[in-house]
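Each remark here refers to the structure printed beneath this line.
Lettering follows sequence order; numbering is per chain, from 1.
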Amino acid sequence: MRLALYVTCLVDLMRPSIGFASLRLLEAAGCEVIVPEGQTCCGQPAWSAGNRSAAIDLARKAIAELEDYDYVVIPSGSCTDQLRNVYPLLFADDPAWGPRARALAERCFELTAFLADVLHFSAPPGEFAGQVTYHDSCKGLRALGIKQQPRQLLLQVRGLSLQEMPDCEECCGFGGAFSVKFGEVSTQIVDRKCASIASVGAAAVVGGDLGCLMNIEGRLRRRGDETTRVLHIAEVLAGGSEN
Amino acid sequence: MAGAKHSQAMFFQARAGAKVRDKVLQQALQKAKPLFVGKRAKGIAALAEDGLEFEALRLASEEIRNRVLRDLDVWLDIFEERARASGAEVLWARDGDEICDLVIDVARRHGVTKATKSKSMLSEEAHLNEALAAAGIRPVETDLGEYIVQLAGETPSHIIAPAVHKTIGEVEALFAKEHGRPVEARSSVDIPAMAREARGVLRQHFLSAEMGITGANFLIAESGTAALVTNEGNGRMVTTLPKVHVVITGIEKIVPTLQDFATLMRLLPRSATGQTISNYVSLLTGTKQPGDSDGPEKTVFILVDNGRAALLGSPYQDMLRCIRCGACMNHCPVYFSLGGHAYGWVYPGPMGSVLTPLYTGIENALDLPHASTGCNQCGVVCPVRIPLPELMRRLREEQNERGLRPWSERLALKAWAWVAGRPALYRWVARRAARYLDWLAEGSGRIRIFGLAPAWTAGRDLPVASGRTFHELYAARKRV
Ligand code: SF4
C-alpha cells in the first residue's frame with residue numbers, strides 16, 4: 001500500500017512537528033508513507049474566499065500529484081473536506097477532471113478516520129500522563145462525521161484519560177479569514193471555548209486541526225494560561241518528538 | 001427597493017466591535033443561547049416518541065418547499081383563486097413602498113385610525129410602521145417582544161424573539177416609564193407579572209383597533225388559507241376582533257396542501273422554540289360568514305415579491321425554502337456574540353447574512369457573507385436543509401466576480417494561489433516566512449503583535465514553531 005501524506009500549509013509553516021508525528025504514526029501502523037514533493041496548498045483559502053478559478057487551478061495540481069497513490073492521508077479535517085467534498089464539486093460538469101477528482105476524493109482521509117476506519121489501528125505508540133479534553137473541529141465533525149475516531153484512538157494511549165468539556169462541538173471562532181477579518185468577534189467566541197477548557201482542568205486540549213489549535217492556544221496564553229498544553233492529536237498518538 | 005433604507009448593513013464590521021464590548025447585551029445573549037439550543041434539542045429528540053425521524057422529516061420538508069419553488073406561479077394562481085372564492089381580496093406588491101401604499105389605501109377605505117399588529121417580517125422590510133404613522137394611523141405591536149421593541153424605538157433583533165437582546169432590567173425600566181409607575185426590582189420570576197401588565201395595556205388596543213395586520217407562517221394553496229403560528233394568543237385577537245384583517249406575506253410562503261402544512265408543522269415549532277406544537281395555530285380562510293361568532297368582515301392578502309422572484313432559478317434559490325424558524329441564528333456563534341442589530345437589516349444571523357445582500361443588493365452588505373466561521377451549525381439544524389455556509393461562499397464568489405472586494409484582498413489571494421502553483425517558489429517563500437515569524441517571536445515561541453493580522457493578535461498570541469518548515473526539515477532528514 002503506497003500512501004501519500006499531505007502536509008497542510010499551516011503544518012508546514014507553523015508546526016512541522018505535526019507532520020513528523022503523522023509520519024511516525026502511519027509508519028507505526030505499518031504503512032509505506034511518501035511525502036509527495038510538489039505538494040503545496042489545497043486551495044481551500046481561495047475557495048472559501050470566493051476565488052473559484054484559483055481554487056480550480058490548485059485542485060488540478062493536487063489531483064495530478066496525488067492520484068497515483070492508494071490513499072492520501074491529511075492531518076486536518078478542513079483540508080480533507082476540500083479534497084473529499086469540494087474537488088468533486090469544482091469539476092462536477094468536467095468530463096476530463098470530474099472522474100479524476102471523484103476517484104481521488106474517495107481515497108482521501110483525515111488522519112484519525114484513516115487510522116480507525118480504514119486500518120482499524122488500535123496501538124498508538126504515544127504515552128501521555130494525565131487528562132486531556134478533545135475539541136471537535138467544525139469541518140471534521142460536520143463535513144466528515146469525525147467524532148468517535150479520535151476518541152477511540154486517544155483512549156488507547158497509555159496513561160491518558162479523556163475528560164469531555166462542555167460544548168466540545170462548539171466552534172472555536174477561528175474560521176480562517178474570519179478570525180483575521182473579525183478579530184474581536186472571533187476573540188469573543190474563542191473565549192467561550194477557553195472557559196469550557198478551563199472548566200474541566202485537563203492537562204491538555206487536543207484537536208485535529210492546527211488552525212483551531214493555534215487560535216485556542218493563542219487565546220489561552222493571552223488570558224494568562226501558560227500551563228494547559230494544546231496538542232494536535234497526531235502529536236499525542238505518535239509519542240516521541242524526533243523530527 | 002430603496003437602497004438608502006437598507007445601507008445599515010454596510011456597517012456590520014464597525015458595529016460588531018461595539019456589540020462585543022456591550023456588557024449588558026452580552027449578558028442578555030449569554031442567558032438566551034443555552035435555552036434556545038437546549039429546547040430545540042429536546043424538541044427534536046421528542047420526535048422519536050411519535051415514531052418520527054428528524055432526517056426523514058427534514059428531507060420531506062425540503063421536498064415540499066422545493067416542489068412549491070419549481071412551479072411557484074402555478075401555486076400562487078391556485079392560492080389566489082381559492083382565496084378569492086372564499087371571500088378574501090388578493091393584492092400584489094412588488095416592494096416595500098407598494099406594501100405601504102396598499103395597506104394605507106385599505107385603511108383609508110375602511111376609516112381605520114388604529115391597527116393592531118402581530119409579527120410580520122414583511123412589514124419590517126417595508127418600514128410599514130413609519131408609513132402608517134405618517135398617514136395618521138397608529139400601529140400597535142402586540143407580540144410581547146415586539147411591543148417591548150416598539151416602546152424602545154428599536155427594531156427586532158431576532159425573528160422569533162425580537163427583544164432577546166434586552167435584559168429584564170431594561171424592560172422593567174421601559175414598562176415603568178410607559179405604564180406610568182415607579183421602577184421595581186425584577187427578576188425572571190416576575191416575567192409572568194410583567195407580561196400580564198403589558199396584556200392589560202394591549203387589551204384596550206385590541207378592542208379599539210379597526211384593523212389587524214399580521215404575517216403568515218404559510219399560505220395554503222388548496223384552500224386559500226393563511227396559517228398563523230403563535231404562542232401568546234394575541235394573534236387571534238388581531239385576526240378576529242378588528243373588522244379588517246390584512247395578511248402580508250412573501251410570495252414564497254406558499255405550500256400546496258394542508259397535508260404539507262402538517263408535515264412542516266412537525267419541524268417549525270420544534271426548530272424555533274422546541275415545542276411539539278405552538279400554543280395557538282390559526283388557519284384563517286376568507287371572511288366572517290353568517291352564523292360565525294367572530295372573524296373579520298374584510299380579509300386582504302398582500303403577496304409580496306421584494307426581491308424574491310429574482311432568486312428563482314438563481315444559485316440562491318435554496319434560500320427561498322426558509323420557513324423563518326430562527327434555528328440557524330440560535331446555533332450561530334457569531335449571532336450570539338453580537339445580537340441581531342449588528343446585521344443591520346430585518347433578518348439577522350446566517351439566514352440574514354444570505355438574505356440581506358440578496359434583497360438589498362450585494363454591494364450594500366459586503367461584510368455579511370463573510371460574517372461566518374463556516375462552522376455549519378446553521379446548516380445542520382436548518383429544518384429545510386438550506387446550505388447556508390455554501391450560499392455565503394457563493395455570495396463571496398459573486399463579490400469577487402463583480403470586483404466588490406478590496407483590491408488588497410484580491411491581490412493577496414491571487415498571489416498566494418500563484419505561488420502555490422509553483423512548488424519550488426512556494427518552498428522558498430515558506431522558508432523565508434518561517435524565518436521571519438521566528439525572528440518576530442524572538443525565541444519566545446509566540447508573536448504578540450503581528451502587523452499582517454493585527455485583529456488576530458489584538459486578542460491572542462500567534463504561536464509559532466522553530467523557524468524551519470516541514471518540507472525543509474523533511475528534505476534534510478532524507479539526505480542524512
Ligand atoms: S434558514 Fe433554515 S434555520 Fe434559518 S430561519 Fe430559515 S428555515 Fe430556519
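- The main-chain N or O of Ser48(A) is found under 3.5 Å from a side-chain atom of Arg396(B) such that the two form a donor-acceptor pair.
- One finds the OG1 atom of Thr187(A) at 9.0 Å from the CH2 atom of Trp456(B) (value rounded to the nearest 0.5 Å).
- With chain A as the partner, the residue from Ala417(B), Pro333(B), Gly374(B) showing the most heavy-atom pairs under 4.5 Å is Pro333(B).
- Most heavy-atom pairs under 4.5 Å with chain A, from the set Arg448(B), Arg446(B), Lys414(B): that is Arg446(B).
- When all heavy atoms of Leu338(B) and Val185(A) are compared, the pair lying nearest together is CD2-CG2, 4.0 Å.
- Comment: Glu184(A) engages Arg21(B) in a salt bridge, judged by a side-chain N to carboxylate O separation of less than 4.0 angstrom.
- Using a 4.5 Å heavy-atom threshold, the side chains of Phe182(A) and Val334(B) count as separate.
- Between Tyr474(B) and Phe20(A), the ring planes are tilted. Angles from 30° to 60° get that label.
- Heavy-atom pairs under 4.5 Å with chain A were tallied for Ala453(B), Ser372(B), Ala434(B); the largest tally goes to Ser372(B).
- For the set Glu398(B), Glu390(B), Arg394(B), Gln26(B), the entry with the most heavy-atom pairs within less than 4.5 Å of chain A is Gln26(B).
- For chain A, the option among Ala465(B), Cys375(B), Ala455(B) with the highest count of heavy-atom pairs below 4.5 Å is Cys375(B).
- Taking CG from Leu13(A) and OH from Tyr436(B), the interatomic distance works out to 12.5 Å, rounded to the nearest 0.5 Å.
- The minimum heavy-atom distance linking Arg222(A) with Ala458(B) is given by the pair NH1-O, 3.3 Å.
- Interatomic distance, Glu170(A) CD to Phe336(B) CZ, rounded to the nearest 0.5 Å: 10.5 Å.
- A pairwise comparison of heavy atoms in Cys171(A) and Gln377(B) identifies N-NE2, 3.7 Å as the closest pair.
- The most heavy-atom pairs under 4.5 Å with chain A, out of Ala16(B), Pro34(B), Pro463(B), Gly421(B), come from Pro463(B).
- Nearest heavy atoms, Asp12(A) versus Tyr426(B): OD2-CE2, 4.2 Å.
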